Peer 1: 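Okay, here's the structure, questions in a sec.
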There are 2 protein chains.
Amino acid sequence: MTQLDLNSHAKVPVAEAPESEALDSAVLDTEPSELTKLGRRRDHSRDADILQAALDVLAETGYDGMTIDMVAARAKAGKATLYRRWPSKGHLVVDAVACMKSTDAEAGAVPDTGTLRGDLLAMIKPHTVEQGERKLRIMAGISSMMSREPELAGIAKRQILEPQMTITRTLLQRAKDRGEISPDIDIEQISCISPAMAGHRALVLGKPVTPEFVLSLIDNVILPACRLSNVR
Amino acid sequence: MTQLDLNSHAKVPVAEAPESEALDSAVLDTEPSELTKLGRRRDHSRDADILQAALDVLAETGYDGMTIDMVAARAKAGKATLYRRWPSKGHLVVDAVACMKSTDAEAGAVPDTGTLRGDLLAMIKPHTVEQGERKLRIMAGISSMMSREPELAGIAKRQILEPQMTITRTLLQRAKDRGEISPDIDIEQISCISPAMAGHRALVLGKPVTPEFVLSLIDNVILPACRLSNVR
DNA sequence: CATTTCCGAAACTCAACAGTACCGCATATA
DNA sequence: TATATGCGGTACTGTTGAGTTTCGGAAATG
C-alpha cells in the first residue's frame with residue numbers, strides 16, 4: 001500500500017555462502033564510518049532476536065496483521081530500538097526474510113545415494129518438513145505484499161523457494177547425467193512439483209505436510225513425471 | 001483480526017444447482033417479513049454490481065488493502081448502500097466469494113471425448129484459464145483472512161477449488177471405470193496437481209498460466225502420474 | 001566523573017479506514 | 001398529496017497502528 005521505494009538495504013550475502021553458520025544479520029548501521037566510537041554501542045546480537053520475532057509474527061498473522069509492537073514485545077525490545085535499526089515496517093520485513101536461516105543447514109549436504117528415488121527420500125526429514133511448512137506460512141504472510149513489492153518477491157523466492165529447488169535441480173541433473181532419466185525431462189517443471197503441492201496442501205487445504213505426504217508425492221507424481229516407475 | 005463471528009448469512013445455494021443462470025444474489029434483507037411494504041424498494045439488481053466490484057478490488061489489492069470506499073466507488077454506489085445490505089466488510093467479502101459466478105458455466109458440460117487426455121485437453125479454454133487466474137488471485141487476496149475465518153475458508157474452497165476439482169475427479173473416475181487407468185490411482189492426489197501447480201505459477205512465481213503451460217502440465221505430470229504415456 | 005549513545009518503556013502525533021449520520025432526491029404505498 | 005424508504009454523496013466519529021519523542025538508566029569512551 002505504502003509503496004516502500006527503498007531499493008537499497010538487504011546487504012545480505014543471500015547468494016551462495018552455503019557455510020554461513022551465524023545468523024547473518026544484515027542491518028543498516030548508521031555509518032560506522034571511521035573516527036567516531038563514543039558511547040554505548042549498538043548490541044547487534046539483538047538483531048537476530050528481533051528478526052526472528054518478526055518472522056514468527058509474520059508466519060502467524062501475515063504482513064498486514066503484524067504490528068511493530070507485536071514484534072517488539074515478542075523480542076522483548078523497545079519499539080524505538082526497532083526504528084533505530086530499520087527505517088520502516090516494510091524494511092524490517094524485507095530484512096527478516098532476507099536474513100532467514102537457510103533451514104537447509106543440510107543445504108551444503110546434497111544427498112547422493114546413487115538413485116534419484118534414494119536422493120529424494122533422503123531429503124525427507126521431519127525437521128526439514130516442519131521448517132518448510134513454517135517457510136510456506138511466511139511466504140503466505142507476505143504474499144499480499146509481494147505483488148506490490150517486486151524486490152520483496154525476489155528475496156522471498158530466493159530465500160524460501162530456491163534452496164530446496166536448487167537441491168532438487170541438482171538431484172535431477174545428476175540423474176540425467178547418469179542416464180537414469182531421459183534428457184528430455186523438464187527439470188524446472190519437475191522441481192516445481194514439490195513446493196507447489198506442499199504449498200497447496202498447507203496453505204489452501206490447511207492440512208499438514210507430513211513425511212508420508214511427501215513420500216506419496218515422490219512415488220506417485222514426481223518419479224512418474226520422470227518416467228520412472230516407483231518400483232525401486 | 002476483528003473476528004467476525006456471524007455464522008449466519010450466505011444463504012446461497014452454493015451447493016449443486018449447476019443450472020443457476022442468474023447472478024445468485026444472497027443478500028440479507030431486513031426482514032421482508034409480511035405486512036410492510038412502504039417506500040422505495042431496495043434495488044436488488046445492484047447487488048451483483050457491488051459484489052462484482054468487491055471481487056475486483058479483492059483480486060487487485062487483497063482483503064486488507066481493500067476499502068469499502070473503493071468498492072462503493074467502483075460499483076458507483078454510496079457507502080451507505082453497502083452498509084444497508086451487509087453489516088460489515090467481512091460479511092460483504094464472504095458474500096462476494098459465496099456468490100461468485102461458477103465461471104465454469106461449462107460446469108454442467110463435463111467433457112467426454114473417450115480418452116482421459118482428450119477430456120483434460122478439452123478443459124483448456126482461454127476463457128477458463130483466464131477466469132481461473134482471477135479466482136486464484138481472489139483466493140490469495142483472502143488467504144490472510146482464511147486462517148482467522150474457517151467459514152470463509154470453507155466457502156472459498158467450495159467456490160474456487162471445488163468446481164474444477166469435481167470435474168477432474170469425474171474424468172479420472174471415468175477413466176478408471178473404463179480401465180484406462182489403474183484402480184490404484186489416487187484420484188484425490190491427481191486432482192490437486194492442476195490447482196496446485198497453477199496457483200504456484202501464478203501467485204508465487206508471478207508467471208501467467210497459459211494454455212501451453214496447462215498442456216505441458218497434462219502431458220508431463222498429470223498423465224505420467226496416471227501411468228499413461230502421453231503418446232496419445 | 002562527564003559525555004555520548006544505546007536500551008526498554010511509555011506517551012504522543014498523525015493518517016487511514018470502518019462504520020454512522022445526514023442531505024437532497026427518487027420511488028414506492030395509502 | 002402525505003408518508004416512508006432506498007438511492008448516491010458527503011461529512012462525521014472512533015479506533016487502530018505507523019512512526020516519533022521523551023525519559024530514566026545502562027554501557028561505552030575520554
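Sequence lines set the chain letters: A, B, ... in the order given, protein chains first and strands last, and positions in each chain run from 1. Please read all numbers here as calculations on a predicted model, not as lab measurements.
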Peer 1: Expressed as a whole number of angstroms, how long is the span from A/M70:CE to D/dT16:C1'?
Peer 2: 11 Å

Peer 1: Would you check, one step at a time, whether the test side-chain hydrogen bond (donor to acceptor under 3.5 Å, both in side chains) holds for B/S144 with A/D64?
Peer 2: CA-CA 8 Å; B/S144 65; A/D64 297 290; 5.5 Å; no

Peer 1: Classify the side chain of A/K79 and the base of D/dG19 as holding, or not holding, a donor-acceptor pair under 3.5 Å.
Peer 2: yes

Peer 1: Picking from C/dA18, D/dT5, D/dA26, which would you name as closest to the side chain of B/R40?
Peer 2: D/dT5

Peer 1: Roughly how many Å is it from CH2 in B/W86 to P in C/dA18, rounded to a whole number?
Peer 2: 15 Å

Peer 1: Checking side chain to side chain donor-acceptor pair (under 3.5 Å) between B/S45 and each of B/D49, B/D47, B/D43, which is the one that passes?
Peer 2: B/D43

Peer 1: Which nucleotide, C/dC17, D/dG19, C/dT5, lies nearest any side-chain atom of B/T67?
Peer 2: C/dC17

Peer 1: In terms of side-chain heavy atoms of A/L38, which of C/dA28, D/dT21, C/dT4 is nearest?
Peer 2: C/dT4

Peer 1: Does the side chain of B/R46 get closer than 4.0 angstrom to OP1 or OP2 of D/dG8 through an N or O atom?
Peer 2: yes

Peer 1: Once you round it to whole Å, what is the distance between P of D/dG8 and CZ of B/R74?
Peer 2: 17 Å

Peer 1: NA contact type, B/A72, heavy-atom cut-off 4.0 Å: base, sugar-phosphate, or nothing?
Peer 2: nothing

Peer 1: Using atom NE2 of A/H44 as one end and atom P of C/dT5 as the other, report the distance to the nearest whole Å.
Peer 2: 15 Å

Peer 1: Nearest whole angstrom, please: distance from the C1' of D/dG9 to the CD1 of B/I68.
Peer 2: 16 Å

Peer 1: Quick one: is C/dC6 close enough that its OP1 or OP2 comes under 4.0 Å of any side-chain N or O from A/R42?
Peer 2: yes

Peer 1: What is the separation between atom CG on B/D69 and atom P on C/dT20, rounded to the nearest whole Å?
Peer 2: 14 Å

Peer 1: Between D/dT22, C/dA28, D/dG6, which nucleotide has the shortest distance from any of its atoms to the side chain of B/R84?
Peer 2: D/dG6

Peer 1: Starting at CG of B/L92 and ending at P of C/dA18, how long is that distance when rounded to a whole Å?
Peer 2: 11 Å

Peer 1: Mind checking what makes side chain to side chain contact (heavy atoms under 4.5 Å, CB included) contact with A/A72, not counting sequence neighbours?
Peer 2: A/L82

Peer 1: Report the residue (B/A80 or B/G39) whose heavy-atom-nearest nucleotide on DNA chain D is the more 5′ of the two.
Peer 2: B/G39

Peer 1: Between A/R41 and B/Y83, which has a closest nucleotide on DNA chain C that is more 5'?
Peer 2: A/R41

Peer 1: Any side-chain hydrogen bond (donor to acceptor under 3.5 Å, both in side chains) involving residues 201-217 of chain A? Give me the pairs, sequence neighbours left out, ordered by first then second residue.
Peer 2: A/T210-A/E212, A/S216-A/N220, A/S216-B/Q189

Peer 1: Is the NZ or CZ atom of A/K89 positioned over A/Y63's six-membered ring, under 6.0 angstrom from the centre and within 45° of the axis?
Peer 2: yes

Peer 1: Could you state the atom-to-atom distance from CG of B/D64 to C1' of D/dT15 in whole Å?
Peer 2: 16 Å

Peer 1: Closest to the A/K89 side chain: D/dG19, C/dG19, D/dG6?
Peer 2: D/dG19

